[in-house]
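What you see is a predicted model, and the numbers here were worked out from it, not measured in a lab. We count ligands from 1, going down the list as the structure has it; atoms in each ligand are counted the same way.
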Amino acid sequence: MTFRVLLVEDNPGDARLVELLLSEVGSAAFEISHSDTLGEALELLKAEEFDVALVDLSLPDASGLDSVKAMQGAVPYLPVVVLSGTADEEVAVEAISGGAEDYLVKGQGDGALISRAIRYAIERKKAEERLFYLSQHDALTGLANRALFQDRLGHAVARAEREGEAVALISVDLDHFKDFNDALGNRFGDELLKTAAGRLKECVREGDTVARLGSDEFGVILEDVSDVPFVVSVARRISEVLSRPFEVRGEEMIMSAGMGIAICPPSKPERLVREASAALQRAKSAGTGEYRFFSSEMNVEAFEQLAFESSLRLALERGEFELHYQPQVELSTGRIVGAEALLRWNRPGLGLTPPSKVIPVLERNGMILAVGAWVIETACEQSRAWRDQGLPPLRMAVNLSPKQFAQPNLSEVISKALARASLAPEDLELEITESLLMDDTEESETKLKVIKAERGVRVSIDDFGTGYSSLAYLKRFPLDVLKVDRSFIWDLTEEADDASIVAAIIGLAHNLRLKVIAEGVETSAQLDYLRRQGCDEAQGYYFSRPISATDFARLLESDETPFDTNPTN
Ligand code: C2E
Ligand code: MG
Ligand code: MG
């Protein structure tokens with residue numbers, strides 16, 4: 001056994017003596033590094049690992065216990081043996097209570113004594129460190145114990161309050177643990193708890209805490225929580241990992257756990273613990289493998305979100321998506337010249353769900369690509385169907401989400417849909433948003449050019465004016481149509497600012513040879529203003545809400561008598 005010793009001693013004679021005495025000890029080997037000053041010693045501690053330090057109490061740059069404190073500040077559990085020139089009992093006591101493990105008087109004792117002092121010092125420090133660890137951890141599972149849990153929870157809540165974040169506490173209690181334990185014995189019970197502990201740790205991020213709070217009760221602290229669905233996802237993961245089979249004497253057993261969840265804010269640490277266990281009680285009485293939030297509103301919200309997301313996942317294959325169509329009217333003639341396809345989810349028993357609720361979820365779970373392709377295909381098919389019914393040909397507009405635009409095979413999706421419906425590229429219009437162009441300018445520019453050059457489809461900028469781009473900037477991109485966002489149209493007749501912005505947009509767009517469509521036109525006064533400013537087309541409730549394909553066909557049939565786009569005359 002070799003001990004690495006840091007000897008801090010400025011007197012060369014004393015240093016040499018210690019080295020000599022230790023080299024004569026047969027039972028252990030000492031590898032000694034020597035430094036003359038505290039400063040040098042601290043450098044060495046940073047660079048190398050030592051088992052122990054022997055420190056002279058009077059150094060050129062430090063005296064007394066300052067050096068012990070400085071060294072233990074640098075390496076927390078460093079065992080230190082103090083060397084002193086005098087046998088002063090008071091200094092000895094002070095040294096020990098100040099953190100040193102032992103006290104040797106120079107010139108007294110032999111190598112064996114110094115060696116013993118060193119080895120005891122190391123042992124004692126190890127024991128001390130171990131005790132401290134044990135005072136914070138559960139011996140069986142190695143998880144944090146209740147003391148450390150409470151400490152961490154306190155810190156987490158304080159931090160959350162400071163940073164305006166949330167902390168979630170999940171109380172986990174294994175179902176039927178006592179039965180398992182009674183039937184199979186304590187040894188098995190211990191194994192099971194250890195496995196459960198390991199699996200629980202898999203479910204959290206680094207920095208989160210998993211603690212054992214009772215025999216089969218665990219506490220999980222999640223910091224930095226941004227929303228309820230995240231907490232739900234952790235709870236479900238816990239439920240999932242714990243229900244993976246456990247092997248017991250070659251047989252597979254299934255475990256489950258109940259969970260109670262509480263969130264701070266609003267609750268403070270002690271309340272949080274009580275709320276989580278109240279929720280746990282409710283989960284337990286509901287059955288096995290259940291979780292409950294403390295507040296019932298959270299339950300409802302979380303469950304609704306869950307149900308929503310999981311049924312949305314099946315909506316495409318179950319054919320629950322529909323497109324509704326909103327007419328685009330040419331202001332010079334009052335005729336319908338285009339249709340915008342708008343996604344609706346016809347959720348069984350719950351009716352039509354608007355895209356504002358659906359699209360963000362599809363974006364998150366990656367389904368937007370499949371659904372987006374379905375939208376393009378279906379809109380093209382519909383356009384073909386109307387033509388085949390003898391209705392006047394229209395331009396069909398579909399909305400593209402940024403992820404769809406970024407997908408590599410977008411251009412194939414488009415050409416396939418066009419070919420299947422035997423439509424010309426210019427019969428299709430893609431609506432994209434400004435932010436999409438601004439996010440990755442180079443890439444978007446290339447992409448758009450490819451789509452336009454190869455396919456010749458039309459491209460429009462949707463919700464124009466809500467982003468941060470300028471018209472001049474848009475010149476870079478090959479665009480055809482600009483759709484003025486409905487927020488400008490709504491206040492057109494009340495807000496002079498909005499009116500002049502709209503007039504300016506129309507003028508500039510025309511200079512860039514872009515067609516202008518006004519969105520969200522609801523009143524004849526708005527329509528009148530737009531027409532007088534030379535806006536090309538308009539879309540909005542004034543003409544029609546988005547309607548089903550059948551209703552749209554009926555509207556087209558009656559288009560023999562066009563809309564009156566000059567209502568003030
Ligand atoms: P958008 O492209 O700006 O679509 C126009 C929205 O304005 C539609 O809402 C339409 O119902 C609404 N609207 C039209 N005229 C009026 C009016 O006069 N007054 C009022 N108050 N509203 C009017 P919707 O259908 O809820 O769609 C919302 C957004 O969802 C769309 O905004 C579009 O960005 C997105 N979206 C819709 N369908 C799809 C789709 O198939 N794919 C993608 N990626 N996004 C879609
Ligand atoms: Mg649109
Ligand atoms: Mg829009």
Is there at least one pair of N or O atoms, one from Y542 and one from ligand 1, spaced under 3.5 Å apart? no

Give the atom name of whichever N/O/S atom in E431 sits closest to the Mg ion (ligand 2). OE1

Between ligand 1 and S356, is the shortest N or O to N or O distance under 3.5 Å? no

Could you pull out all residues at least two apart from E381 that satisfy side chain to side chain donor-acceptor pair (under 3.5 Å)? R420

Without swapping roles, check the side chain of Y542 against the backbone of L527 for a donor-acceptor pair under 3.5 Å. no

Name whichever N, O or S atom of D462 ends up nearest to the Mg ion (ligand 2). OD2

Could an N or O of ligand 1 be found under 3.5 Å from any N or O of P355, whether backbone or side chain? no

Any N or O on D463 sitting closer than 3.5 Å to an N or O of ligand 1? yes

R344 side-chain N/O to L352 backbone N/O, donor-acceptor pair under 3.5 Å: no

With a cut-off of 3.5 Å and sequence neighbours excluded, list every side-chain donor-acceptor pair involving residues 149-160.
from, atom 1, to, atom 2, distance (Å)
R152, NH1, T209, OG1, 3.2
R159, NH2, E165, OE1, 3.2

I'd like to know if K483 and E340 make a salt bridge, using a cut-off of under 4.0 Å between side-chain N and carboxylate O. yes

Which N, O or S atom of E340 lies nearest to the Mg ion (ligand 2), by name: OE2

